[in-house]
S.K.: 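Please find one structure pasted underneath; my questions will follow.
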There are 2 protein chains.
Amino acid sequence: MSDSGQSVGRKRRGAGRPTISDVARLAGVSPITVSRALRDPQRVSQDLRANIDVAVRTLGYVPDPNARALASSRADVIGVIIPSLTNNVFADVLRGMYDAINGSSYQIQLGNSRYSPIEEERLLTTFVSQRPSALIVSGIDQTPTARATLENAGCPVLQIMESGPDPVDMMVGFSHRKAAEEIVRHLWHAGYRRIGFIGARMDPRSQRRLQGYRDALEPLGGVDPALVTTTPAPSSVSLGRDLLRDLMSRAPDLDAVFCNNDDLAMGALFECQRSGLDVPRRLGIAGFNDLEMMAAAHPPLTSVRTPRYEIGYRSVRMVLDAITGRDIPERVIDIGYELAVRDSTGGPVLSQ
Amino acid sequence: MSDSGQSVGRKRRGAGRPTISDVARLAGVSPITVSRALRDPQRVSQDLRANIDVAVRTLGYVPDPNARALASSRADVIGVIIPSLTNNVFADVLRGMYDAINGSSYQIQLGNSRYSPIEEERLLTTFVSQRPSALIVSGIDQTPTARATLENAGCPVLQIMESGPDPVDMMVGFSHRKAAEEIVRHLWHAGYRRIGFIGARMDPRSQRRLQGYRDALEPLGGVDPALVTTTPAPSSVSLGRDLLRDLMSRAPDLDAVFCNNDDLAMGALFECQRSGLDVPRRLGIAGFNDLEMMAAAHPPLTSVRTPRYEIGYRSVRMVLDAITGRDIPERVIDIGYELAVRDSTGGPVLSQ
DNA sequence: TTGTAGGCGTTATCAC
DNA sequence: GTGATAACGCCTACAA
């Protein structure tokens, strides 16, 4: 009790909560043994481990993550950067991530780049300064600076949402271009011939969906620029209404529309309801992502089902495996997508 | 150059990035002066500060947040616990929070309790072990354990989303009970007499909305239990369809429905469209939160506009003020709400 | 398997 | 206003 660290006049700056030394003293071992028992119980003998467990519980000891990070030059943190918090797509991804990290000793450090590559650069710099155990970023269009930061981060790096060439390290996603191409082809096969495109935000993934739209129609009679409407404005249901109204007024013979995402598709549906256009007979509507509401709409809306939750879940499992040195059989995963074909693309009146 | 720290044979464990000592050496001052210049420039003389700035830039010095947290017993982190990531309500709150923290040197540490008080307890314990600068939690229904943790966290605490008695510390929210009461009264005044309630999830805030529904109808002829349908299942648009269908089959004379949230309201609208019920003449529909899609629907849907973004934004500003010791004029803020009255509650056929 | 020595990078404390 | 000293709590490296 002479050097308990609590004696009068002793100066301590900390908040006075128990430290690893307190536990060690109570258990009759050295601090490093406690440290080992906590991190890798197998490296400590049975009986000592038991003593230590008791001491930990008795004192209510909780390791200090900051001290741990400082000493080991490694924080038990996975940095995640996404471009939007309100986009349902990323909400699902995040849910998967948080589910996957549950029960582990790691924390997710979340950054919102707001679709700004520069903001992403800044966040990356901040995150790297914390020496994270892994980094997860959205998309494959990082700036050269950001890419360099990722390459020198000294930890596993995972790019999500898209598949593409030249990964920084690992990758989990799918081809937005191919997905778009496929659903546009579905519209064609359903009998639609004047197929338009409505797009908002027009971030890189939206651009590639537009490209997929073009790729699909090119061999099928060509792309009519008059049928394409895009805006850099953030996507919304109201915007879907507006964009469809614009497009219809400029191209009255439009008979189907592929919407960049589900919000726009929902807005397009409401616009049709308002103006009395029969869906799918007068106008076919397809969206992208297959949010839950799509199947519940009237009529149910066709979309591309993207495995968002799964992307989030698998990405965290993957970096966790990488962190713990486990074998990663595939470092680049094309996770695919599925068409969710519903009544809204049932075909025009005069289906061939 | 003899003791530059880079000389051969010297053992350094860190990743070799510049430290505050490197900056100090280059600027010809002591480390503590650099520390002060970085945190509170006014405490260091003009010329030294200039030298230090140059040195910082020359070396590309970035402070180590872990070392800082360890030494000061305080991490520049604001812990935030929300019950859901996919609920649009919290997405908006988070967006406000991330916007408000932008530019500060603080980080948000996000936890997802999945509507589980026990999970919230666990997260709180984990967060507190990091010595956060502030904590923000959702709702006012923490377990006694969680509440004790908050009270002993040694940092500002803010409860958001609801207003209520007995705050732990600070509070930003509004009365869900009163908001619900008001919109149900609106339905009554619009001429509806058989007003039902549809609820999902039924977390504490949903419960209070149900209470508001009852409080409104009690003095207006009483509550008919047959008009209330709730489920603990997570809310969704599809569920809104299902619940309305159930309710209509059990109470065919239903003439309006207050939905616990907007997803359910949207589902109720789709169900009416499917079964050919005129909205608002055969059935009035009101939701809660006023998500963007509500105004774009056909017909536009009535809801309660809740200031979600503002709650997020103001809550972070508030804890930031508290952290920096600024005066907080109001520690408990009722941020209010507004009715967004639209066509979907335009009144029944035989309006009085 | 366990322990010793010292460092991780920064800041609180107190002296000048 | 500036600096010396020690401490924050834990972990790596090496020794026994």
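Within every chain, numbering begins at 1; the chains are lettered A, B, ... in the order of the sequence lines, protein sequences first and strands thereafter. In this text, all values refer to a predicted model and were calculated from it rather than measured experimentally.
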S.K.: Heavy atoms only, 4.0 Å cut-off, all strands: where does A:Pro31 land among base, sugar-phosphate and nothing?
M.R.: nothing
S.K.: Find the distance B:Ile32:CD1 to D:dC8:C1' and express it as a whole number of Å.
M.R.: 13 Å
S.K.: Within the pair A:Arg39 and D:dC11, is there a side-chain N or O less than 4.0 Å away from OP1 or OP2?
M.R.: yes
S.K.: Rounded to whole angstrom units, what separation is found between the CG atom of B:Asp64 and the P atom of C:dC8?
M.R.: 12 Å
S.K.: Check every atom of C:dC8, C:dT11, D:dT2 against the side chain of A:Leu70 and return the nucleotide holding the closest atom.
M.R.: C:dC8
S.K.: How many whole angstroms separate atom CZ of A:Arg131 from atom P of D:dT12?
M.R.: 13 Å
S.K.: Please state how far atom CG in A:Leu48 lies from atom C1' in C:dT1, giving the value in whole angstrom units.
M.R.: 9 Å
S.K.: Nearest whole Å is fine: how far is D:dG1 P from B:Asn51 CG?
M.R.: 17 Å
S.K.: Please identify which of these residues, A:Val319, A:Ile160, A:Ile333, A:Leu158, meets the side chain to side chain contact (heavy atoms under 4.5 Å, CB included) condition with A:Arg314.
M.R.: A:Ile333
S.K.: Which of these nucleotides, D:dA4, C:dT2, C:dT10, is closest to any side-chain atom of B:Ser30?
M.R.: D:dA4
S.K.: Nearest-Å distance, CZ (B:Arg25) to P (D:dG3)?
M.R.: 14 Å
S.K.: Please report the distance, rounded to the nearest Å, between CG in A:Leu38 and P in D:dT12.
M.R.: 13 Å
S.K.: Pick out which of A:Asp166, A:Asp141, A:Asp169 makes a salt bridge (charged side-chain N to carboxylate O under 4.0 Å, His left out) with A:Arg147.
M.R.: A:Asp166
S.K.: From CG of B:Asp22 over to P of C:dG9, roughly how many Å is that when rounded to an integer?
M.R.: 9 Å
S.K.: B:Ala67 has a side chain; which of C:dG9, C:dT11, D:dG9 sits nearest to it?
M.R.: C:dG9
S.K.: Taking all heavy atoms of A:Ala27 and all of A:Ala55, pick out the closest pair and write down the distance.
M.R.: CB-CB, 4.0 Å
S.K.: Could you measure the distance from the CG atom of A:Asn112 to the CD1 atom of A:Ile82? Nearest 0.5 Å is fine.
M.R.: 6.0 Å
S.K.: Would you say B:Arg326 and B:Thr324 are linked by a side-chain donor-acceptor pair, where the criterion is simply a distance under 3.5 Å?
M.R.: yes
S.K.: Is the shortest side-chain N/O distance from A:Ser73 to OP1 or OP2 of C:dC8 below 4.0 Å?
M.R.: no
S.K.: Can you confirm whether B:Arg43 is buried at CZ, in the sense that more than 12 heavy atoms of other residues, nucleotides or ligands lie under 6.0 Å from that atom?
M.R.: no
S.K.: From D:dC10, C:dT10, C:dT11, pick the nucleotide closest to the side chain of A:Arg68?
M.R.: D:dC10
S.K.: Indicate every side-chain donor-acceptor pair of residues 56-71 of chain A with a distance under 3.5 Å to a residue at least two apart or in another chain.
M.R.:
unit_1	atom_1	unit_2	atom_2	d
A:Thr58	OG1	A:Val54	O	2.7
A:Asp64	OD1	A:Asn66	N	2.7
A:Asp64	OD1	A:Ala67	N	3.2

S.K.: So does A:Ser45 get a side-chain nitrogen or oxygen closer than 4.0 Å to the phosphate oxygens (OP1/OP2) of C:dT2?
M.R.: yes
S.K.: Starting from the 5' end of DNA chain D, give me the residue, B:Arg43 or A:Arg36, whose nearest nucleotide shows up first.
M.R.: B:Arg43
S.K.: Please check the phosphate of C:dT10 (OP1 and OP2 only) for any side-chain N or O of B:Ser35 closer than 4.0 Å.
M.R.: no
S.K.: Taking side chain to side chain donor-acceptor pair (under 3.5 Å) as the test, write out the residues that go with A:Gln107, two or more places apart.
M.R.: B:Gln109
S.K.: Counting Watson-Crick and G-U wobble pairs with both distances under 3.5 Å, what is the dot-bracket string for DNA chain D, 5' to 3', using [ ] for crossing pairs and | for pairs to another strand?
M.R.: ||||||||||||||||
